[in-house]
2 protein chains.
Amino acid sequence: MSKDSITIYDVAREANVSMATVSRVVNGNPNVKPLTRERVLDVITRLDYRPNAVARGLASKRSTTIGVIIPDIANTYFSTLARGIDDVAMMYKYDLILTDSDGDPLKEVRVFNNLLAKQVDGIVLLGHRVTDALRVEIARSRIPVVVAGLLDPDQQVGSVNIDYGNATFDAVSLLTKQNQKIAFVSGPLIDPINEARLAGYEKALKKSGLDFQEHLIFEANYNYKAGLNIAEKIIKSGATAAFVADDQVAAGLLNSLFDQGIKVPEEFELITSNDSIIAQLTRPALSSIMLPIYDLGAVSMRLLTKLINKEEVDKKTIILPYKVKERQSTK
Amino acid sequence: MSKDSITIYDVAREANVSMATVSRVVNGNPNVKPLTRERVLDVITRLDYRPNAVARGLASKRSTTIGVIIPDIANTYFSTLARGIDDVAMMYKYDLILTDSDGDPLKEVRVFNNLLAKQVDGIVLLGHRVTDALRVEIARSRIPVVVAGLLDPDQQVGSVNIDYGNATFDAVSLLTKQNQKIAFVSGPLIDPINEARLAGYEKALKKSGLDFQEHLIFEANYNYKAGLNIAEKIIKSGATAAFVADDQVAAGLLNSLFDQGIKVPEEFELITSNDSIIAQLTRPALSSIMLPIYDLGAVSMRLLTKLINKEEVDKKTIILPYKVKERQSTK
DNA sequence: ATGAAAGCGCTAACAT
DNA sequence: ATGTTAGCGCTTTCAT
């Protein structure tokens, strides 16, 4: 209760300068005589003065904080993205306000507006697609928005991705060598990212002269349990291999196959998409598209800093490279 | 460039009231005549006015944001905690500024002070222990701090945990039935949480008349690779079972055993501590202490809200219940 | 029930 | 190189 917090004014008085000078010192403005700078710096340490970021934000109209909207931070895929974002954000002195959206379009809009109220300097959006409702909000907001790991066909915002179509093509091509019936397991096909994957899948089938069969296409929620549950249907479909768009789902499928005594890869080949730590944890370890998840986050944050500073960006739609890693779930 | 953002002043003018009244309406102050309230509300929607949270924060000295310090958000254990924190935070209208500390004491202090600069209303600290340097900062800051999933013997701050000693005792007791040499694998033993676990381990040995053997104690970093690497040493030690304090480490150990043809649980029993999704993903699935990770986060955030509002809290050191779940890695 | 006015702690012209 | 002075958009006494 004793001493209230030290303000720039206290420092100014103690150092016999104006608050403007203190402000200059704090912000590294070169227009300060080295001697006064030193004097001010001394007082600052002596008084243990810490600038109030909120006041600064109000005066400067820059909050040096970024909003991150994420479906579920507990999901490894997203938390790895978040890590990439945070590392770069810290590098550029931004803080992150992170909120879960549960992938709920309504909640997404709500948290988006809340972030605007907090005067964030930019927003990174993670998820599966940009809903129309959110698109409207983005349009009328005047801060830059970047998406990572999700396709926005309108290219309204900055985005960082890999070429999911080609990646899926490559992955499925690994399976067409020894299988006739290959299941395609993704999230909702309304999501543009899954459309792209499906196109890659079809292309790979065609190249190998295989027919596209509707009943081999499966939509599943992005979680372990969904993978566990979908196994039965997939087995019934007669498929002997599967391309899966999500590691948790793939792990669920794998374990369900294992628990039913179906040997992977001998009797069933499996390839997944995100190469999160999960792909290495399972036994057999999962072959996977090597999606640079961390980099997706890091690069998107870097892009956002440029957008915020109105720097020239040659392309605000960035495509990162990928590889395909064969582990033990494919022959 | 056209219309700049709408302020409380614009609303006041349009509604023919003072800004004070608008402020009252926005903040749900009952001292407003229903009719004027309605009029103001109308103008607010018509103008699409959104209160500026930064200005509000400066004037009211409450930012309605909470700082969260986390060693690594990409780690499932911590991201699950974060999810619990976020859900409760949202429930109480707080936003979360989340920063990774890498478990680096220096960085921890730096981000802590940065959070103070942003005028957060409280801080949730995650990690393995409270370092002395941080303890000093916490002491001179005047906002409440709560830790979750880590022991602070000084009880300087609010905390939410389980009884790690008893939990470890229970877990190890499962192993003493059929094993003479049981390895104890934790993080650094300086961390009070690991001290507590070690005590539980010793107690369980003693109860079964087994000798405590120094060479069965292992310290490992909290990650998958560390688990992979430590396997060899553990095998050499002659242990036929292990208690592991971290799921990623346990998964690494398990897979390393598997890859070397050592059968779990037939030839080696394993029990882990956090019951994160990882424990279910592995094959065999890992027996584990059922740590309510999500709840740890949720409850700590709830505790923090009480501390912030200076509500009565009967105990700011909260101990949550746990169970032990036997899966396939124990007989 | 409503309004007037004084800050909150800082930045950023604009002087000098 | 340094100081003066408006604000930034809101909350919050204090009047009325």
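Letters A, B, ... are given to chains in the order of the sequence lines, protein chains preceding strands, and every chain is numbered from 1.
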Without hydrogens or angle criteria, can the side chains of [X] and [Y] be said to hold a donor-acceptor pair below 3.5 Å?
| X | Y | answer |
| --- | --- | --- |
| N309(B) | T305(B) | no |
| S63(A) | Q119(A) | no |
| Y294(A) | D87(A) | yes |

Verify the contact: side-chain N or O of [X] to OP1 or OP2 of [N], cut-off strictly under 4.0 Å; return yes or no.
| X | N | value |
| --- | --- | --- |
| R62(A) | dA12(C) | yes |
| T21(A) | dG3(D) | yes |
| R56(B) | dG9(D) | no |
| N27(A) | dT11(C) | yes |
| S23(B) | dC10(D) | no |
| Y49(B) | dC10(D) | yes |
| K61(B) | dC10(D) | no |

Checklist entry - Mind checking whether H128(A) and F78(A) have parallel, tilted or perpendicular rings, split at 30° and 60°? => result perpendicular
[X] has a side chain; which of [options] sits nearest to it?
| X | options | value |
| --- | --- | --- |
| R24(A) | dG9(D), dC14(C), dT11(C) | dC14(C) |
| S60(A) | dA12(C), dT12(D), dT2(D) | dA12(C) |
| M19(B) | dG9(C), dT11(D), dT2(C) | dT11(D) |
| S5(B) | dG9(D), dC8(D), dT4(D) | dG9(D) |
| T7(B) | dC10(D), dG3(C), dG3(D) | dC10(D) |
| K33(B) | dA1(C), dG3(C), dG3(D) | dA1(C) |

Checklist outcome for this item: Judged by nearest nucleotide, the residue sitting upstream toward the 5' end of DNA chain C, L58(B) or R37(B), is R37(B)
Checklist outcome for this item: Whichever of A55(B) and N31(B) has the more 5' nearest nucleotide on DNA chain C, that residue is N31(B)
Next on the checklist: Need the bend value for the helix from dA1(C)-dT16(D) to dT16(C)-dA1(D): angle between end axes, 5 pairs each end, nearest 10°.
Outcome noted: 30°
Checklist entry - What's the verdict on side-chain hydrogen bond (donor to acceptor under 3.5 Å, both in side chains) for R50(B) and N113(A), showing C-alpha distance, side-chain angles and the deciding distance? => result CA-CA 9 Å; R50(B) 297 124 179 263; N113(A) 282 317; 2.8 Å; yes
Just to be sure I understand the rule, does [X] reach a base, reach only the sugar-phosphate, or reach nothing, if contact means heavy atoms closer than 4.0 Å?
| X | result |
| --- | --- |
| V17(B) | sugar-phosphate |
| V54(A) | nothing |
| N29(B) | nothing |

Item to check | Heavy-atom check, side chain of V26(B) versus side chain of I44(B), under 4.5 Å | outcome: yes
Checklist entry - Any side-chain heavy atom of M90(B) sitting closer than 4.5 Å to one from D100(A)? => result no
Checklist entry - Around R62(B), counting heavy atoms of other residues, nucleotides and ligands shown, do more than 12 lie under 6.0 Å from its CZ? => result no
Item to check | Greater than 12 external heavy atoms within 6.0 Å of E38(B)'s CD | outcome: no
Checklist entry - Side-chain donor or acceptor of R50(B) under 3.5 Å from a matching atom on the base of dG9(D)? => result no
Return the value, rounded to whole Å, for the distance between atom [atom1] of [X] and atom [atom2] of [N].
| X | N | atom1 | atom2 | result |
| --- | --- | --- | --- | --- |
| D10(B) | dC8(D) | CG | P | 11 Å |
| I6(B) | dC10(D) | CD1 | P | 10 Å |
| I8(B) | dA5(C) | CD1 | P | 17 Å |
| Y9(B) | dA6(C) | OH | P | 14 Å |
| L35(A) | dT2(D) | CG | P | 9 Å |

